[in-house]
Amino acid sequence: MLSLRDLADLVTKKLQEDLFVGAELYGKKDDGLYPCRVLKIVENGVGKMQYEVALLRENKKITENAILHGEDLVWKKTPFNRKILKSFIRESTCRSIPWVLHEKLAQKHGISTDLPEELRSKFFLQGGQLVNRTKKRKNENRNNVGEANGESGKSKRNKGETGKPDASKEENNQPEDEPVKYPIDDLLVKPGPDDPLFTDRPSPSRDFNVPMDCIGDLLMVWDFCSSFSRVLNLWPFSLEDFENAICHKDSNLVLIVETHSALLRILIKDDGEYSLALQNKKRKSKISLITWTEYVCDFLEMINVTELCSCMTTIKRGHYGLLDANAKLGILRELVCHALETDLIRGKLDDLIEQRRALGATVRGEALEYARKKREEKEQLKGESNGLVVKENSMESTGSNPHMAENGEENGDMVEEKYLFCNRSRKQLNGQSKKGEKQKLDPKVEAENITNSNEKEAQKQLTGEKKEDQEKKSKEKREQRKEYFKREMEKRSIRTNPLGKDRDYNRYWWFRRDGRIFVESSDSKQWGYYCAKEEVDALMSSLNPKGERERALQQQLEKFYPRISLELQKRSKDLAQKIALEEAVLRRSTRVRAPPRENPANAFLKYVNKWKED
């Protein structure tokens, strides 16, 4: 039974062993190591796999083809890092050590849920749950011992007492319920008397223009284009505009043409399989409004997906707009998947990862520096207080032995004793005379002491106020720095992750550029969204923090709540303005020959790519 780290390492090792077509690695040939790409997997019948690879130059151009064994191929870098694999393992399993897959996931991929032979002696399945045999045996033994002790105690009480029966007999017979340690699995949570009043979960809106089964593709393509808009040289557009453009029947809609063209240009720049296919057909590298469909058809021929290849005849006739939304989004989905494998996008991802690491190192460095300063201040204050204590002790010791302060330590010699005796007598006389002077000067000294003490107190107050002001300013500065680093981290986000899941494994997504919270069912067949602040408040009030999934979801919603509510309020205002404009268009007087106002719902028709390459 492996730990999470060991399991992730094992999966990484397996993924490195299994090569696939299109994987870029280094190949050993003629005592040298050369960059190459896997073109074909060849089975030699002996059981060992051979791979037909294309040796590449620095500019990614193919020099020659070669057939190599698996041991002669070395990865540039691992396909997935350990962090991604760990999160994937956590999401896919419902129990750790031994790791148990979610039942729905196992059924979906045809994975057997039977226990392996090496685990059958230690575990067994009961009611769909994995139970440890040794733990259950220990619990049964503990219960049996408790029952035996209860019976012996009962018999002793019966022998010693002849009065009324003890009312606690029945209680001793019943096993005590152990308190449940929350959070636990959400499906095991039962309502309790101490639970707060949970609100009913609001039902999400489902008024999408595209079919329900392709909402996931719609969000994925739009999020990719928005996240990598600078690399793609594609001016960002809203999700609503993209959805309306997909449903529109115009074959040369600018938004659709520019989106396809930007993704195709990335594939051409990569000098990969698609670029070679274009070179064989002697296509020009420049994509225009007239020729873009030809490049799309070339891409569909290359990937050879049966469902999408059936659309080629319609596209070649110039009727791309007549394709259904599933086909349009299917083509864009495949383009995005191939674009993610290009060196340009991977290089951008590597840069973002390095920048995030640098920001994280800066944050940690500042936190350590602040902690060090605080520690030094505490040590300084401690040293000052210790110094004062030592000074007071020394003053007390010199006050108790005045002759020690005057003449130093005693040597024990007779001569020094005589001098000390004389000095003591003189000092006593001087002390008496000084006391008389002090008594005469008491009122003046007292007045001076009072003024001095008042001045010192005032200075202390001023220094205390200055320190408080400085602390407030430094605290504000630190908060500003934290907010700055958060913003910078969000700018360099690598991918959009779900906020979390509820008890029924429904996933909740929040896209910063849209504002709405999308709800995806556990089987990914149903989608919905919340677009009002009140709906989000009701959703948060309906979550039970006793469950593991709903507690994590609630924490994420609380973390992003200020930004979510701000985006939703802004969205509500924009929606109100759009409705007002539409009503104004409808109420326009026929007597006034003024040009009609633009309908905001048709904004996608006037899209212009301001970052288009020349």
A quick test of your reading: do over 12 heavy atoms of other residues, nucleotides or ligands sit less than 6.0 Å from [atom1] of [X]?
X      : atom1 : result
Asp6   : CG    : yes
Tyr484 : OH    : no
Lys86  : NZ    : yes
Lys284 : NZ    : no

Return all side-chain donor-acceptor pairs below 3.5 angstrom for residues 230-237, not counting sequence neighbours, or 'none' if the list is empty.
unit_1, atom_1, unit_2, atom_2, d
Asn233, ND2, Glu613, OE2, 3.0

Checklist entry - Can you name the one residue among Ile256, Leu605, Leu255, Asn602 that meets side chain to side chain contact (heavy atoms under 4.5 Å, CB included) with His248? => result Leu605

Do the charged groups of [X] and [Y] touch, with an N to O distance under 4.0 Å?
X      : Y      : answer
Glu550 : Arg201 : yes
Arg495 : Asp223 : no
Lys546 : Asp195 : yes
Arg487 : Glu490 : no
Glu301 : Lys281 : yes
Glu567 : Arg563 : no

Next on the checklist: Is it the case that the ring center of His338 lies less than 6.0 angstrom away from the ring center of Tyr274?
Outcome noted: no

Item to check | Test item: side-chain donor near acceptor, Asp537 and Tyr530, under 3.5 Å | outcome: no

Checklist entry - Between the side chains of Thr291 and Arg283, is a donor N or O closer than 3.5 angstrom to an acceptor N or O? => result no

Mutual orientation of the aromatic rings belonging to [X] and [Y] [parallel < 30°, tilted 30-60°, perpendicular > 60°]:
X      : Y      : result
Trp292 : His260 : tilted
Phe511 : Trp509 : parallel
Phe560 : Trp510 : tilted

Checklist entry - Atom CG of Asp523 and atom NZ of Lys104: how far apart are they, to the nearest 0.5 Å? => result 7.0 Å

Item to check | Expected output: side-chain Arg356 to main-chain Met489 donor-acceptor under 3.5 Å | outcome: yes

Checklist entry - Are any side-chain N or O atoms of Glu243 and backbone N or O atoms of Phe208, one a donor and one an acceptor, separated by less than 3.5 Å? => result no

Checklist entry - What do the steps show when you test Arg37 against Glu341 for salt bridge (charged side-chain N to carboxylate O under 4.0 Å, His left out), and what is the final call? => result CA-CA 12 Å; Arg37 185 187 295 118; Glu341 296 175 2; over 6 Å; no

